[in-house]
Amino acid sequence: MKSPLLSLPGAVPAEGVDEGVAAHYGDLFREQRALADGTGFVDLSHRGVLTVSGEDRLSWLHLLLTQHVSDLPTGEATEALILSANGHIEHALYLVDDGTTVWAHVEPGTREALVAYLESMKFFYRVEVADRTDEFAVVYLPAGSIAEVPEGVVVRETPYGRDLFLPRADLESFAASHGPAAGLLAHEALRVEHHRPRLGFETDHRTIPHELGWIGTAVHLQKGCYRGQETVARVQNLGKPPRRLVFLHLDGSDVHLPAQGTEIRLADEGPDGRKIGFVTSSARHHELGPVALALVKRNVPLDAALLAGDTAAAQEVVVEP
């Protein structure tokens with residue numbers, strides 16, 4: 001779904017899974033600084049929007065999600081995962097309940113499969129699941145923003161900013177009164193800075209929540225049964241995850257950022273050494289320079305210098321080994 005905000009001056013379209021919104025509007029670092037200062041907004045209208053309504057919505061979702069939501073207070077933001085039977089991450093949902101309806105936004109390209117799964121699990125529960133992506137667009141206001149939210153718009157407020165579920169028809173008028181617009185690359189650079197995992201970037205087909213630091217923020221350890229809970233409990237109580245998320249400071253002399261999937265090796269072993277991990281996200285940060293998130297084997301020494309492809313990298317612990 002192509003955003004009308006791609007018609008704004010300087011807009012350069014994003015590619016890949018984020019196609020449909022602007023990667024930037026001509027000045028990546030200016031856009032990052034604006035967000036860091038609490039001004040502007042980011043068009044995330046390519047993300048899927050779902051609602052769950054009905055009397056049983058919270059108790060029903062509580063059975064399916066990794067998060068404790070049976071008593072979720074009205075207006076309180078949370079995030080949750082859906083796991084496979086083996087505990088691997090399949091979906092990530094960013095939720096808020098407005099008192100009658102749970103609103104969630106999800107990664108682009110995942111809503112159809114998620115809706116199908118939720119519909120298959122309704123049974124006798126009094127719930128209605130709806131794909132609202134055609135009607136509503138997600139817009140992000142950064143932390144510290146004093147921008148006025150249009151009346152009646154559902155807001156999901158977090159320490160990192162506010163997610164607005166804005167009527168899609170109001171996107172252009174919102175942009176005209178709430179600028180300057182910042183592109184997705186600026187949003188991603190701040191996400192990487194804050195070590196926040198993203199489904200499809202930090203995850204692959206065998207990722208479990210412990211590897212990414214999603215325990216606590218998206219996975220509640222004292223709630224009832226849900227699919228994949230056995231793996232979560234076993235790793236939490238008896239072992240360690242096989243991989244861990246790290247933050248990388250990259251050599252700033254390289255012109256190109258290492259792409260997602262770039263293999264990571266120990267610097268001592270050189271570019272032909274054994275693979276110990278891979279880059280999941282990379283960005284150019286307005287203060288930190290080139291940075292990345294990566295998954296590496298748990299036993300990689302914390303002080304080891306790394307290579308991301310041919311780029312020298314110093315690691316910073318996100319998930320403890």
Side-chain angles (χ1 to χ4, degrees), residues 1-15 18-51 74-77 79 94-108 111 130-191 193-194 196 198 283 285-287:
M1 189 175 295
K2 185 177 179 180
S3 172
L5 302 191
L6 284 171
S7 64
L8 291 178
V12 174
E15 299 177 344
D18 290 321
E19 184 179 4
V21 296
H24 62 84
Y25 295 91
D27 192 336
L28 172 62
F29 291 151
R30 177 190 61 77
E31 294 164 33
Q32 281 188 42
R33 286 191 291 269
L35 293 181
D37 290 340
T39 60
F41 71 94
V42 180
D43 174 14
L44 299 178
S45 60
H46 63 315
R47 293 183 66 84
V49 175
L50 311 179
T51 59
T74 299
E76 182 176 303
E79 56 190 82
Y94 299 85
L95 309 161
V96 68
D97 184 80
D98 68 4
T100 61
T101 302
V102 173
W103 293 75
H105 64 80
V106 300
E107 288 294 334
R111 60 190 171 100
D131 182 350
R132 308 294 294 277
T133 310
D134 289 343
E135 305 165 67
F136 291 90
V138 180
V139 173
Y140 166 80
L141 294 176
S145 172
I146 59 172
E148 185 175 346
V149 176
E151 186 175 354
V153 170
V154 175
V155 178
R156 181 179 175 273
E157 187 158 1
T158 77
Y160 304 102
R162 288 176 287 171
D163 299 331
L164 277 54
F165 293 89
L166 186 74
R168 192 169 287 274
D170 296 343
L171 261 176
E172 290 180 280
S173 60
F174 180 91
S177 59
H178 289 75
L184 194 69
L185 289 180
H187 186 266
E188 283 289 282
L190 299 185
R191 177 184 70 83
E193 176 194 8
H194 294 137
R196 299 179 63 208
R198 184 178 172 191
H285 192 274
H286 69 289
E287 290 182 340

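Given the structure is predicted, the values throughout are model-derived calculations rather than measurements.
The side chain to side chain contact (heavy atoms under 4.5 Å, CB included) test applied to Ala130 returns Thr51, Arg132, not counting sequence neighbours. Tyr160 pairs by the ring pair (Phe, Tyr, Trp, His ring centres under 6.0 Å) definition with His194, not counting sequence neighbours. Residues satisfying the salt bridge (charged side-chain N to carboxylate O under 4.0 Å, His left out) test with Arg111, not counting sequence neighbours, are Asp131. Residues that satisfy the side chain to side chain contact (heavy atoms under 4.5 Å, CB included) test with Asp98, not counting sequence neighbours, are Thr100, Thr101, Trp103, Val154. Here Glu193 pairs with Leu190, His285, Leu288 under the side chain to side chain contact (heavy atoms under 4.5 Å, CB included) rule; sequence neighbours left out. Not counting sequence neighbours, the partners of Ala36 by the side chain to side chain contact (heavy atoms under 4.5 Å, CB included) test are His286. Under the side chain to side chain donor-acceptor pair (under 3.5 Å) criterion, Asp97 pairs with Arg57, sequence neighbours left out. Residues that satisfy the side chain to side chain donor-acceptor pair (under 3.5 Å) test with Arg191, not counting sequence neighbours, are Glu188, Glu202, Ser281. Qualifying ring pair (Phe, Tyr, Trp, His ring centres under 6.0 Å) partners for His46, counting only residues two or more places apart in sequence or in other chains: none. Residues passing the side chain to side chain donor-acceptor pair (under 3.5 Å) test with Arg47, sequence neighbours excluded: His105, Glu107. Taking His187 as the reference, nothing meets the side chain to side chain donor-acceptor pair (under 3.5 Å) condition, with sequence neighbours excluded.
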Exercise. Is there a side-chain contact (heavy atoms from CB on, under 4.5 Å) between Leu166 and Phe41 once you walk through the steps?
Worked result: CA-CA 12 Å; Leu166 186 74; Phe41 71 94; over 6 Å; no

For this session: List the steps and the verdict of side-chain contact (heavy atoms from CB on, under 4.5 Å) for Val96 and Glu157.
Result: CA-CA 9 Å; Val96 68; Glu157 187 158 1; over 6 Å; no

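Considering CD of Glu31 and CG of Asp27, their distance stands at 6.5 Å, rounded to 0.5 Å. How far CG of Asp37 is from CD of Gln32: 11.5 Å, rounded to the nearest 0.5 Å. Atom-to-atom distance recorded for Glu135:CD and Arg168:CZ is 10.0 Å, nearest 0.5 angstrom. Rounded to the nearest 0.5 Å, atoms CG (Leu164) and CZ (Arg156) are 12.0 Å apart. The distance from atom CD of Glu76 to atom OG1 of Thr158, rounded to the nearest 0.5 Å, is 12.0 Å.
None of Leu185, Leu44, Leu184 except one satisfies the side chain to side chain contact (heavy atoms under 4.5 Å, CB included) rule with Asp18; the exception is Leu184.
Thr133 contributes a side-chain N or O that, together with a main-chain N or O of Val49, makes up a donor-acceptor pair within less than 3.5 Å. The backbone N or O of Ser45 lies less than 3.5 Å from a partner atom in the side chain of Asp43, making a donor-acceptor pair.
The shortest heavy-atom contact between Gly40 and Leu141 is O-CD2, 3.8 Å. Between Val153 and Phe165, the shortest heavy-atom distance links the atoms CG1-O, 3.5 Å. Across every non-hydrogen atom of Leu6 and Ala11, the tightest pair is O-CB, 3.4 Å. The shortest non-hydrogen separation linking Ser145 to Ala147 is OG-N, 3.1 Å.
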Atom pairs and distances, donor-acceptor, side-chain atoms in residues 169-183, under 3.5 Å, two or more places apart:
unit_1 : atom_1 : unit_2 : atom_2 : d
Ser173 : OG     : Asp170 : O      : 3.0
Ser177 : OG     : Ser173 : O      : 3.2
Ser177 : OG     : Phe174 : O      : 3.3
His178 : ND1    : Phe174 : O      : 3.1
His178 : NE2    : Glu148 : O      : 2.6

